[in-house]
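Let me begin by presenting the structure, written as structure tokens, before commenting on it.
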Amino acid sequence: MPELPEVEAARALAERWTVGRTIVAADDADEWVCRPHPPGEIVTAIVGRRVESVERIGKSMWLVLDDGSRLGLHLGMAGRLVGLAPESSGLPDTAGEPLTARERSDWSMPVRSGSRPTPTGLPGEGSWSRFTIELDDGGRLVLFDKRRLGRVRLNPDLSGLGPDALLVDEDTFVTRVGRGVLPLKARLMDQATIAGIGNLLCDEILWQAQQPPLRPASDLSEAELRELHGIVHACTREAMVRGGVHLGDVIEHRKKGEHCPRCGAEMVRATVGGRTTWWCSFEQAWPPVED
DNA sequence: AACAATGTTCAGTC
DNA sequence: GGACTGAACATTGT
């Protein structure tokens with residue numbers, strides 16, 4: 001799920017569950033998700049610290065602790081954050097998106113072997129729960145990640161990230177995006193250029209903008225880049241309102257045999273910027289179709 | 001069974 | 001060094 005809109009929802013959830021509270025325990029036993037930190041290193045660093053705020057740039061977020069250190073959380077390809085109330089056996093806080101039946105099963109009664117050596121059997125400690133912190137009010141924040149591509153890092157290096165896609169101003173956007181020979185889609189998804197746009201949101205943005213994913217980024221005029229900046233902002237906001245990038249207008253048409261919901265032409269597929277990309281064969285053709 | 005999957009990283013090439 | 005490419009990463013879903 002996680003592109004900028006989903007990560008922002010997760011950040012807000014983490015904020016509600018942790019800010020102003022002190023971390024009293026943590027589980028960093030997953031050596032893959034917590035790498036390169038050996039088990040116990042993160043626990044030692046964060047237990048006893050109070051959470052001051054939860055920040056985000058693009059798809060990266062981090063807790064700011066009262067000693068100035070940061071605890072980085074990245075959801076990877078399929079991770080999500082879940083809040084669990086004290087003594088709760090009831091429904092966890094999933095910020096709107098409920099757990100599926102299978103996920104609830106793992107959440108409440110871990111039965112799989114998975115990566116966790118010793119499941120405790122407590123709610124929120126199933127094998128898909130990769131990292132947990134417990135706060136002084138008894139609440140817990142859990143990184144729930146079936147695919148295990150999420151990451152937890154102490155003081156993560158964020159220097160490689162470009163400006164957040166929702167905050168970047170128009171002039172900066174024009175300068176950074178309208179450069180280089182990369183296909184426009186690859187340029188928009190490059191987190192060093194602009195942070196926050198992933199595969200689905202990018203397909204939606206380019207479809208809304210009627211821009212070809214394969215068009216070289218530097219081929220766009222300044223006027224086109226300024227318009228694109230507005231569409232990036234609008235699509236990202238809209239995804240937040242709707243509750244996820246998967247609810248975009250064109251996303252359900254990213255399938256073989258589907259047609260453009262605007263002009264009816266066939267949707268076509270190719271790999272662009274290393275990801276499966278769908279676009280309207282007529283409106284987003286490159287080079288453009290002349291009549 | 002084979003392949004794709006909302007992301008990042010790293011080795012390799014130009 | 002910078003820009004770019006493609007495979008790898010761990011695991012699940014189709």
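Here is the naming used below: chain letters follow the sequence lines, and residue numbers restart at 1 for every chain.
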Check this for me, if you would: do A/Glu15 and A/Arg11 make a salt bridge, where the nitrogen-to-carboxylate-oxygen distance has to be below 4.0 angstrom? yes
Taking OP1 and OP2 of B/dT6, is either one under 4.0 Å from a side-chain nitrogen or oxygen of A/Arg275? yes
Between the side chains of A/Thr276 and A/Asn199, does any donor sit under 3.5 Å from an acceptor? no
Starting the side chain at C-beta, find the nucleotide from B/dA4, C/dT11, B/dT6 nearest to A/Arg269. B/dA4
For C/dC4 versus B/dT6, give the span between their P atoms, rounded off to a whole number of Å. 22 Å
Just to be sure I understand the rule, does A/Gly274 reach a base, reach only the sugar-phosphate, or reach nothing, if contact means heavy atoms closer than 4.0 Å? nothing
Any base atoms under 4.0 Å from A/Leu182, or only sugar-phosphate, or nothing? Heavy atoms, all strands. sugar-phosphate
Short side-chain N/O contact to B/dT8 OP1/OP2 from A/Lys59, under 4.0 Å: yes
Using the side-chain heavy atoms of A/Trp32, tell me which of these nucleotides is nearest: B/dT9, C/dA10, B/dT6. C/dA10
To the nearest angstrom, the CG-C1' distance between A/Asp190 and B/dC10 comes to 15 Å
Distance check: side-chain N/O of A/His74 vs OP1/OP2 of B/dT8, anything under 4.0 Å? yes
Would you classify A/Arg187 as touching base, sugar-phosphate or nothing, given that sugar-phosphate means primed atoms plus P, OP1 and OP2, and contacts are heavy atoms under 4.0 Å? sugar-phosphate
Go nucleotide by nucleotide along DNA chain C from the 5' end; which of A/Pro183 and A/Thr100 gets its closest nucleotide reached first? A/Pro183
Paired nucleotide for C/dA8 [Watson-Crick or G-U wobble; both distances under 3.5 Å]: B/dT8
Could you state the CE-C1' distance from A/Met77 to C/dA8, rounded to the nearest angstrom? 12 Å
Just to confirm, is there a sub-4.0 Å distance from OP1 or OP2 of C/dG13 to any side-chain nitrogen or oxygen of A/Lys146? yes
Same apolar cluster (I L V M F W Y, side chains within < 4.5 Å links), A/Met189/A/Leu166: no
Is it true that A/Asp203 and A/Lys185 make a salt bridge, defined as a side-chain N closer than 4.0 Å to a carboxylate O? yes
Does a side-chain N or O from A/Arg147 land closer than 4.0 Å to OP1 or OP2 of C/dG13, or not? no
Listed nucleotide nearest any side-chain atom of A/Arg130, set B/dT6, C/dC9, C/dT11: C/dT11
When both distances are under 3.5 Å in a Watson-Crick or G-U wobble arrangement, the nucleotide paired with C/dG2 is B/dC14
Sidechain N-carboxylate O distance under 4.0 Å for A/Arg215, A/Glu224: yes
Nearest whole angstrom, please: distance from the C1' of B/dA4 to the CD1 of A/Ile251. 16 Å
Report the distance from atom NE2 of A/His246 to atom P of B/dA5, rounded to the nearest whole Å. 16 Å
For C/dT12, take OP1 and OP2 only and decide whether either is under 4.0 Å from a side-chain N or O of A/Trp128. yes
Quickly work out the A/Leu214 CG to C/dC4 P distance and round it to whole Å. 15 Å
Gap between atoms CG and P, on A/Leu149 and C/dT12 respectively (whole Å): 11 Å
Please confirm whether the shortest side-chain N or O distance from A/Arg148 to OP1 or OP2 of C/dT11 is below 4.0 Å. yes
Using a strict 4.0 Å threshold on nitrogen-to-oxygen distance, state whether A/Lys146 and A/Glu103 make a salt bridge. yes
How long is the line joining CZ of A/Arg35 and C1' of B/dT9, in whole Å? 9 Å
Tell me the interatomic distance from A/Leu143, atom CG, to B/dG7, atom P, rounded to whole angstroms. 16 Å
